[in-house]
Amino acid sequence: MTEALTSQSAKPAFCQRFSRADLIFAAAIFLLVIFASVASEAFLTQRNIVNISRQIVTNGFLSLGMLMVIRTGGIDLSVGSVLAFAGLLATGLQAQMHFSAAIAVALAMGAVVGGINGWLIARFNLQSFIVTLATMGSLRGLLYVYANTPRYPVDDAFRALLGGGSIGPVPVNFILFALTVPTVWFYLNHTVSGRAAFALGVNKEAVRLAGVNVGKHLIFAYVACGLLAAIAGVLLASRLGIAQPSVGVGYELDAIAAVVIGGGLLGGGGGTAIGVLGGVLALAVVDNVLNLFNVDSYYQQLLKGLIILVAVLARRKRA
Amino acid sequence: MTEALTSQSAKPAFCQRFSRADLIFAAAIFLLVIFASVASEAFLTQRNIVNISRQIVTNGFLSLGMLMVIRTGGIDLSVGSVLAFAGLLATGLQAQMHFSAAIAVALAMGAVVGGINGWLIARFNLQSFIVTLATMGSLRGLLYVYANTPRYPVDDAFRALLGGGSIGPVPVNFILFALTVPTVWFYLNHTVSGRAAFALGVNKEAVRLAGVNVGKHLIFAYVACGLLAAIAGVLLASRLGIAQPSVGVGYELDAIAAVVIGGGLLGGGGGTAIGVLGGVLALAVVDNVLNLFNVDSYYQQLLKGLIILVAVLARRKRA
Amino acid sequence: MPHLAVKNIAKSFDGNPAIVDISFAVEAGQVLALCGENGAGKSTLMKILSGALRPDSGEISLDDKPVQIGGPADAMALGIRTVYQELSLLPHLSVAENMLLGRMPTRGFGVAVDWNTANRIAGRVLAEFGFPGIDPRTLVGALGVAQQQIVEIAKALVSDPKILILDEPTAVLSASETEKLFASVQQLAAGGVIVLYISHRLEEIFEIADQVVVLKDGQSVLEGRIATLDLARVIEAMVGRPLETIYPQRNRQRGKVVLEVEKLNQTGAFVDINFSVHAGEIVGMFGLVGSGRTEVAKAIFGACPADDGTVRLKGVVANFRTPALAVASGLAMITEDRKGDGLALEASVLDNMGLASFLRVSRFGLLDGAKRRAIVDEKVRELSIRPRGHARPVRQLSGGNQQKVVIAKWLLVENTELFIFDEPTRGVDIATKVEIYQMIADLAANGVAVLLISSEMPEVLGLSDRLLIMREGRLVAELMTDDLRPEIVFAQAAGLTLHESSERLN
Amino acid sequence: QDSIKIGMVNLSLCCAYFVGMDAAVRDEASAYSNVDILSTDAEGDVAKLTANVEDMLNQGVEGLIVSGAWIEAAPAAIEAINAAGVPLVMVDRLLKGGDYTSWVGPDNRAIGEGIGDYIVNRLNGAGNVVIIRGGPADNTIGSNRSEGVQSKFAGTNIQTLVAAGWGEWSADGGFQQMEDMLAKEADIDAVFCENDSMCLGAQKAIADAGRSGDIFIASVDGEMGALSEIMKADGNYGATGLNSSDQIGRAGFHRLMALLAGAQSEKDTVLPSPIITIENVAKFYNEDSTF
Ligand SMILES: Nc1ncnc2c1ncn2[C@@H]1O[C@H](COP(=O)(O)OP(=O)(O)OP(=O)(O)O)[C@@H](O)[C@H]1O
Ligand SMILES: Nc1ncnc2c1ncn2[C@@H]1O[C@H](COP(=O)(O)OP(=O)(O)OP(=O)(O)O)[C@@H](O)[C@H]1O
Ligand SMILES: [Mg+2]
Ligand SMILES: [Mg+2]
């Protein structure tokens, strides 16, 4: 359990002691970057770096939420639907209310959906995979009932502020993500709830016997995951200046991939915020590089699969 | 652990003693059927029943394979890609060879992909979710490289025999499925490999220390899953009279849903062939009924999600 | 002054009664010992007191006030602390975090965990308990089971308990740790704490208990002050008949050498191990827990192969890389950690018992289900595994009965040449121990070579022909067991001179 | 009075374009009191589409309208319809693999050529044009459009730069592809997307890169978002080739009704696809259109 062990020093710190796997992994990303910047002069340009930073945001937020759920030993397949619905609400409702209010509604929706997932899983002791699979489907249907055609933001400030805006060269939405990483890290490693959630991911019964309210912490993880997915949805919609009901299908898989590549263990027992950051970064850079090198899109799919494999092989746990 | 108990009856027999959950579940399907046949005269017509039987086949084969993998505590996301590739090979190769040979190639491909999945998971002790996620992507890319436009069967016998053909009123492909269920059931309950695979799904180390060759049985499960997915792909192509590279996306989720609804436990420890049959049947009947009542498609999605939830709630394990 | 009374408690699991009707009362500062056969209902009763289970009927009163214990949290609030029979630690968390789970010290509006305080508290408790060696920052997963058990106990001592429940705490401990445990138990009792103590090592009970309750089939069949009872009485109450001899008579004929181990090394576990075991011989292996016996056994068995050195089986080199190979050439190993690598808890008794003996009941990979069930049922009877039947998941069996399943799994394997027992009677009741000893003796009598690893001195002395003693990963002595004094053995194991060790023993 | 059941078979209702077509059919039908529309959504899956057709025939529909969206053929479905002997009108997409009664739809290559002309004129025959492709799924619609466009570049000094990845027909796909193109290519003068959604995304990427001034956009479909952008006097959304799912849907429905009434009709009907620019956009802009 290399990950499980090292992802977990007794006194977690933002830069925890890293495992061999983590180092290999970091090195691999580093090499990729070096290689890319040598091979394509377009890569290390400010423009491209800004692009990558912006492209990270969506999967970044989803992955952080996914991490919180995966650390409880669960999984959340409904994030893609939440993201789409949140985008529709945040843009669609602008006709009726100020966009900040619309955003609030969207985020609330995300939290509620997460709450429902968590409650069903905790209260009835159901398998998260199937519960969130169900909510993923239902919510997708529901959001189409709400809006089966795109919605466009009415208020220009909405785009200017979140999606388009940037402080200096740094995009606002990336800054928001950059701030969320340490927040999640702090929750996971330094709060009672975060630790309890991590503990119950491996042995729920043991945590219950310690007199801990398992349900509370479990549900919180799903609420946070839903909320983060909703944020991702709002930011995406404002970045694109359009909210499409069909968006977000399959995003959950990218998020899970990012978490696992970053050292997360499905079924609980591992995964760190910083690892997820690495996973998200790796996936985004790979996408970007493949595009910059004009790799045919079919081969892109093929390669991406292989790269994921190599990544998990590099950080595999010794049997 | 209701499921674990019944998946495990003292004397495994094709009709094992059922748990309360199984009975509730069976009753629910039965009621649905009664209700449907009363509410829509179209439902109990021979034609409709033939349709349903045909509509079951694809998810049926996929779910049986998925069951074998899930019982080892794993999951296989690559079945959709295997299905698509198998269809393309079985139809595309007919130009060069007799269709039976083409089918053989397709099935071999399925087995090989399964073998690779299993080998990676067993040999390097990787998480099945991420490994099969990677092969799912790579294979999808690969099959597009092989054929990015649809392939049509050359040999009419191919369709007449498998897809179109029927013995009496019963479609051939359904008969094939109907024969596969007891075969899988027999493997799971009455072979060394089947029992060993089940045990290692619960505690791999214990099985290893009992002197069992864990890798062998683990890999076998994935090979079988790949093979069954390939069979599903061939049958689907011959039924549709076309093999499309885009087919099968998301099928893995339907298969997993069927297994879980049928009492399977992700992470190992439960699931029976007959339960899967029930799960597949339930999903197909629901689809069919919703169509017969021409429920608006978005509401269909919404309802299907809720129905999955109700199904798992009905057979939940007491905490 | 707390006073615990339990009246007419009953509990059954889907129809099968585990506890029929139990009542007892304990005064402050008393140590109450619960004895009983495997499956008698001891753990269930304790789980009811700790809130892990709810009784079907009956009432619990503390200080003459009836209390409702709806869940673990309620029990905690009442000052009830429990050490469960099965380890309930989280391997991926640090020792400190495990000990303080649920009551982590915090700062910053009770949000942020105060790691320093946490580690300090844990360190203090461990030190007071007599184990300053265990660093509160290490991950529990990196500890051996023995140290894990220490942590498990220390966990219960963190916030000083009013009632302390110990369910077979010494099963994985050796003499020295047990002493320390008893010391703190007596100290707590002196401080007015009620201690409920479960153990199958009856000598322990007579050492620290004030009061005894003997359970049989979920009912209390004997109650009384320890002073008024003797071992025979308790055993008879438990088993229903007197036990004449504990250790079987052995007709020893030493056959050809079966196992030869030469210069076996494994970094971090053991160095330069040399010994041999002959057919028909029982070789005991004693040592303090953590001395590396399990690692040696696992290396021979191919579970975690040694770095260098040779193992010979009947003269042929046999450095197995996998257990499969070992089993194929006639080895069997009853592993020490039944939950971790001995059993598939969710799987049925049938699946677990039949796991090693597929060859007997299959042809071309096809199982003969009837035969498989037949041989399993036979062993269930032989070992009086309760409840009868092979369908239920092993998880639902009592600890001792689970241990019997592990043993049965290997007894079902045919023509085995070398049997390795690693702590075979852990958590097994006295009557069954006798049966198991008999079986081990029979195996030897039938020309099987037996390597018996045990932390129970009387066991190794009573059964083995030769005794190997390990200390800190080395074989420090090889003794013949005829008229061997425990002091000598212990001295060797602990690396003390005879004089001081005999002090520490009494 | 007996009602007439008509089946509207959609491969997918994922996106505004197809939703619009489905809505148009229902809308036209609503004028006839005894016409029931049964509409299905196969969520992009041919197998499910076939099952849906089977279920509909089973309910005794008297005619079927099939919107095959991005798939090439559905032999089993079409054969089932033929076997049942009910008239089949295909809209937008002409599916291979079986006989059909009539088809109403656009000529995607022609639309492409129209856009191609527009781009050539606006660039005076010289410059670099980025092309963003939709997706792999049997993408002949898209490739027809792109080929149409590129056919007009022959013999000019216009270079085409095809984005490596797929735009997935969606705004976010278009956005990312455009971002990477902007990073990769120094001088870009125009962008063509195989549908509007992708260009709506690409447009934002261009804006974020501060290049709105020197890159203009052209695409195909004519959805609301695109039209309102084209309307902007200072906008850089140049043109879109109208491919009105609304028209197609209505025409398809009436074709089927006529056939049911026994009328004889031409087998294939290509709908005109004007190029919409700021000059004529007012004519096509319609506040309350679903698409
Ligand atoms: N979760 C459960 N489900 C069903 N039966 C159970 C469960 N837990 C315990 N039992 C049954 O209750 C009875 C008492 O079990 P318990 O664990 O109390 O025995 P015990 O006295 O602790 O035995 P041991 O000395 O082996 O620990 C046993 O027959 C056991 O099979
Ligand atoms: N540092 C460790 N890390 C991981 N596992 C360990 C460690 N120490 C011991 N174990 C395992 O825990 C189990 C029990 O350990 P224990 O404390 O009994 O030491 P041991 O090796 O069993 O020594 P002995 O057999 O002499 O008691 C064994 O399976 C052993 O391999
Ligand atoms: Mg017990
Ligand atoms: Mg040991």
Side-chain angles (χ1 to χ4, degrees), chain A residues 73 75 77-78 81 120 122-131 133-146 148 204-205 208 214 245 249-250 253 256-257 259-261 264-267 296-313 316-319, chain B residues 73 75 77-78 81 120 122-131 133-146 148 204-205 208 245 249-250 253-254 256-257 259-261 264-267 296-313 316-319:
Chain A
I75 198 165
L77 301 178
S78 67
S81 302
L120 286 167
R123 167 74 182 73
F124 299 105
N125 189 23
L126 299 177
Q127 305 178 49
S128 57
F129 190 102
I130 198 73
V131 169
L133 179 63
T135 42
M136 163 176 132
S138 299
L139 198 62
R140 184 63 67 174
L142 193 65
L143 73 89
Y144 269 108
V145 171
Y146 168 72
N148 58 8
K204 215 163 145 186
E205 183 60 8
R208 189 181 76 89
V214 170
V249 174
L253 295 181
I256 295 165
V259 173
V260 174
I261 290 175
L265 289 172
L266 296 165
D296 175 282
S297 44
Y298 300 130
Y299 290 96
Q300 284 200 16
Q301 256 178 305
L302 207 166
L303 284 174
K304 245 183 291 179
L306 296 180
I307 288 166
I308 292 180
L309 261 187
V310 174
V312 289
L313 270 172
R316 78 179 206 259
K317 43 177 149 104
R318 298 275 164 285
Chain B
I75 198 164
L77 301 178
S78 67
S81 303
L120 286 167
R123 169 71 182 73
F124 300 105
N125 191 20
L126 299 176
Q127 306 180 46
S128 57
F129 191 102
I130 198 72
V131 168
L133 178 64
T135 42
M136 165 176 130
S138 302
L139 198 61
R140 183 66 65 178
L142 193 64
L143 71 88
Y144 270 113
V145 172
Y146 168 73
N148 60 2
K204 211 160 148 192
E205 186 59 6
R208 190 178 79 90
V249 174
L253 294 180
D254 296 344
I256 294 165
V259 172
V260 174
I261 291 175
L265 288 171
L266 296 164
D296 176 284
S297 57
Y298 300 139
Y299 289 96
Q300 284 202 19
Q301 263 176 301
L302 207 166
L303 284 174
K304 244 181 297 177
L306 296 180
I307 288 166
I308 292 181
L309 263 185
V310 173
V312 288
L313 271 172
R316 78 179 207 259
K317 45 180 148 92
R318 299 274 164 282

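Below, all heavy atoms of this structure are taken into account, side chains as well, without hydrogens, waters or symmetry copies. Just so it is clear: chains get the letters A, B, ... in the order the sequence lines come, proteins before strands, and each one is counted from 1.
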S.K.: Find the one option among B/Gly250, B/Ala257, B/Ala311, B/Gly305 whose heavy-atom pairs under 4.5 Å with chain A are most numerous.
M.R.: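 So the answer, after comparing B/Gly250, B/Ala257, B/Ala311, B/Gly305, is B/Gly305.
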S.K.: B/Gln127 and A/Leu266: which non-hydrogen atoms are nearest, and at how many Å?
M.R.: OE1-N, 2.9 Å
S.K.: Assess whether atom OH of A/Tyr146 is packed by more than 12 heavy atoms of other residues, nucleotides or ligands within 6.0 Å.
M.R.: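 More than 12 within 6.0 Å, yes.
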S.K.: Mind ranking A/Ile256, A/Leu77, A/Leu309, A/Ile130 by heavy-atom pairs under 4.5 Å with chain B and telling me who comes out on top?
M.R.: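 Heavy-atom pairs under 4.5 Å are most numerous for A/Ile130.
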S.K.: Picking from B/Val249, B/Val260, B/Asp296, which has the most non-hydrogen pairs under 4.5 angstrom with chain A?
M.R.: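 With the most close heavy-atom pairs to chain A, the winner is B/Val260.
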S.K.: So which of B/Leu143, B/Ile308, B/Val145 has the largest heavy-atom pair count under 4.5 angstrom toward chain A?
M.R.: B/Val145
S.K.: Check each atom of A/Ile75 against the heavy atoms of chain B and say whether the ones under 4.5 Å are side chain, backbone, both or neither.
M.R.: side chain
S.K.: To the nearest 0.5 Å, what is the distance between CD (B/Gln301) and CZ (A/Arg140)?
M.R.: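 Rounded to the nearest 0.5 Å, the CD-CZ separation comes out at 8.0 Å.
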S.K.: Looking only at heavy atoms, which two atoms of B/Val312 and A/Leu126 are closest? And how far apart?
M.R.: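 Minimum heavy-atom separation between B/Val312 and A/Leu126: O-CD2, 3.8 Å.
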S.K.: What is the ring orientation for A/Phe129 with B/Phe129, classed by angle as parallel under 30°, tilted 30 to 60°, or perpendicular over 60°?
M.R.: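 Rings of A/Phe129 and B/Phe129: perpendicular, as their planes differ by over 60°.
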S.K.: As an exercise: rank B/Leu303, B/Ile307, B/Leu253 by heavy-atom pairs under 4.5 Å with chain A and give me the winner.
M.R.: B/Leu253
S.K.: State the CG-NZ distance between B/Leu133 and A/Lys304, to the nearest 0.5 angstrom.
M.R.: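 Result: 11.0 Å between the selected atoms.
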S.K.: Using non-hydrogen atoms and a 4.5 Å limit, figure out which bit of A/Val131 sits close to chain B: side chain, backbone, both or neither.
M.R.: both
S.K.: Can you name the nearest heavy-atom pair linking B/Ser138 to A/Leu306, along with the distance?
M.R.: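 Taking every non-hydrogen atom into account, OG-N, 3.4 Å.
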S.K.: Which bit of B/Leu120 comes within less than 4.5 Å of chain A, counting heavy atoms only: side chain, backbone, both or neither?
M.R.: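 It is the side chain, since no backbone atom gets that close.
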